[in-house]
Protein chains: 2
Amino acid sequence: MRATVKDVARRAGVSPKTVSNVMNGVVPVSAPTRFKVEQAMQELDYVPNLSARGLRNGRSGVIGLALPDLATPFSAELAHHVVEVAHEQGWSVQIEETGLDPQREQDLMTRARSNLIDGLILNPVVLQESAVKVGVSLPPVVLLGEVTQHIADRVFVDSMAAARDMTLALAKPGRRRIAVLGINAARPSSTAIHRAAGYESALEALGIAPDDDLLIRCEKWTSESAAAALDSWLDSHPVPEALFCFTDSMALGALNVLWKRGIRVPDDIAVAGFDDVADGRFAVPPLTTVSFDRRLVASEALRLLTDRMTDRDSSQRVVQVGYSIVERGSSTPRG
Amino acid sequence: MRATVKDVARRAGVSPKTVSNVMNGVVPVSAPTRFKVEQAMQELDYVPNLSARGLRNGRSGVIGLALPDLATPFSAELAHHVVEVAHEQGWSVQIEETGLDPQREQDLMTRARSNLIDGLILNPVVLQESAVKVGVSLPPVVLLGEVTQHIADRVFVDSMAAARDMTLALAKPGRRRIAVLGINAARPSSTAIHRAAGYESALEALGIAPDDDLLIRCEKWTSESAAAALDSWLDSHPVPEALFCFTDSMALGALNVLWKRGIRVPDDIAVAGFDDVADGRFAVPPLTTVSFDRRLVASEALRLLTDRMTDRDSSQRVVQVGYSIVERGSSTPRG
DNA sequence: TTGAAAGCGATACCAG
DNA sequence: CTGGTATCGCTTTCAA
């Protein structure tokens, strides 16, 4: 049987309370007592039962991280940073995948109340404003991305400005037929909406008339569906001068299709993505993209979350993380 | 304040035990009683406290998944499948990263005893046999990969046979100078050892004398370090006829370096990886690789783990998952 | 500074 | 089929 505080207390000749004091280190304990207790813990190979502690404290030491799909490089890199930052501060991370199912996002907010999670970092895809409202009385939630709501704390990158800047960068050498890949008309994600808006705003600034034929739809934001979407689109459209993909994963799929068709990048078409994932840096050619500090996103999210745990009533806080346009070989002549 | 079983019981006019029976559904409950209880739960917006349940049951409903680095595509895809499979069966998944630090793997086995985790799926990099031994009396552990030990259950792919087959496939068109990338001499991982052994065994079968100059070292198995390793190696070595990278991530880094140097793939050099990650399928050119069913790895690991929870004393079980050589454009002439 | 006892919320045992 | 009651392991009043 596993040792408990009682066992440790008995062996050390003290009370359970004292053992607890030694562990938590907030109430002062005399050096000899502390030593006895620590020795007893060693001898009994004592490990505290976190379920019991969680029950008593009302806190579990675990935060939830909910992402659409852990397998996409962007989510994976984000999760990596959240896990690292959280561990540094003594938190464990429970991973949830929401897929493309709005219901799952709802469910999660409920599950978060099961007290196995002290807070939730949620990267929503299709979260409606209503879903977040349910969350008011629940454990703290920090949203990642550009969800328009005014209740939960939030960390985001200005996707619209970034998309605008990227479009402008693609247009700079005089390119005018600029297509975008990633429009998801069926259930538009707020991210898609913002990036499309940035693209359109750039066209307007450039005096380029918007052309619906240059909006390439792609419901799932994976390399695979992006490749399929672009491939079939190219069957009925001429090659544009530039292609702005709403994520790097989609851009990698696009590069593959273009290569297969013998369309040269960047000579025949410039390609850009968004997120600056590792594989984009090593793509052939290396991918031009919008870069931002994912570790900062992770650490800010965690900061907001832990702050919120101690002060549930302060007003909503929003953190904006900067970005930069990184031009690589997929949009600039080989150097 | 949150509602408890007591509140629900009071409102439904029954005892707490009955509420519990309704929830767990194992003991029969009369229809009217069940209805009253369910209504009360609805009205009070009742959500069970999992910490309390965990304390009482000795089980938390959470499994741990420990990976070296969540940001690598292979780990990410694996995690994705584990999370999905686990959720289907009602488990939550806590993610831990071990990095390259053996100490972290040790720590984990201890942390798993904190009762917040009912079992652990561990993909070790450098776990020594001793580390697993500590785990005997602990919660169930399932190891992923080719760790040579005889205590914990394990799911693995025959890396050595796969590496041999891949080397033979690369050699088939008469290629003889076949280099490998991924030797990590400093702290050899068991995976590296197996794949290197497979490579050597293939050379022997082919009657090719092993050449240490063709063993390219690379301590970290990322695109980035692979690219750096290959780049500097090429400074002092002629281009080999083929390059077998121990993971797809490394192969992607290699493709990038070769492209930058104007070395054509597969015309000048054939390239292959291992793992069949999504980005490899869309690489330029698409990557030849060793493929295996990651979802099967995940589901088998979970099955072994849950079996072990109910029967801690049965003998070690080992599941081998098959593989196949997938030849794509990086090793075969364009079709 | 330390000890004794209560209680967090859910479940299992044993009656009825 | 249902109700009381003890209990899981830890922390936290309140006293000493």
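The sequence lines fix the lettering, A, B, ..., with proteins before strands; numbering per chain opens at 1. The figures here come from the full heavy-atom set of this structure, side chains too, leaving out hydrogens, waters and symmetry mates.
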Please give, in whole Å, the distance from D/dG9 P to B/L116 CG? 15 Å
Quick one: which of C/dT2, D/dG3, D/dT2 gets closest to the side chain of B/S30? D/dT2
Contact check, side chains of B/P73 and A/P73, non-hydrogen atoms, under 4.5 Å: no
Listing request: all salt bridge (Lys or Arg N to Asp or Glu O under 4.0 Å) pairs with a residue in residues 62-76 of chain A, at least two apart in sequence or in separate chains. none
Would you mind building the protein contact string for nucleotides 10-16 of chain D? One character per nucleotide, 5' to 3', B for base within reach (heavy atoms under 4.0 Å), S for sugar-phosphate only, - for untouched. BBB----
Do the side chains of A/R317 and A/D153 get close enough for a salt bridge, i.e. N-O under 4.0 angstrom? no
Distance in angstrom units between A/L44 CG and D/dG9 C1', rounded: 15 Å
When you measure from the side-chain N and O atoms of B/T18 to the phosphate of D/dG3, is any distance below 4.0 Å, counting only OP1 and OP2? yes
May I have the distance from A/F35 (atom CZ) to C/dT2 (atom P), rounded to whole angstrom? 15 Å
Taking side chain to side chain contact (heavy atoms under 4.5 Å, CB included) as the test, write out the residues that go with A/V83, two or more places apart. A/H87, A/V93, B/L70, B/I95, B/E97
Find the bend of the helix from C/dT1-D/dA16 to C/dG16-D/dC1 as the angle between its two terminal axes (five pairs each), to the nearest 10°. 30°
Would A/D275 and A/R294 pass as an ion pair if we require N to O under 4.0 Å? no
I'd like to check B/N123 versus B/F74 (side-chain heavy atoms, cut-off strictly below 4.5 Å). Are they in contact? yes
With B/V297, which residues qualify under side chain to side chain contact (heavy atoms under 4.5 Å, CB included), at least two apart? B/L78, B/L144, B/V155, B/F292, B/V321
Reading DNA chain D from 5' onward, which residue's closest nucleotide shows up sooner: B/V14 or B/L55? B/V14
Quick one: salt bridge (Lys or Arg N to Asp or Glu O under 4.0 Å) pairs with a partner in residues 78-92 of chain B, sequence neighbours left out? B/E84-B/R295, B/E88-B/R295
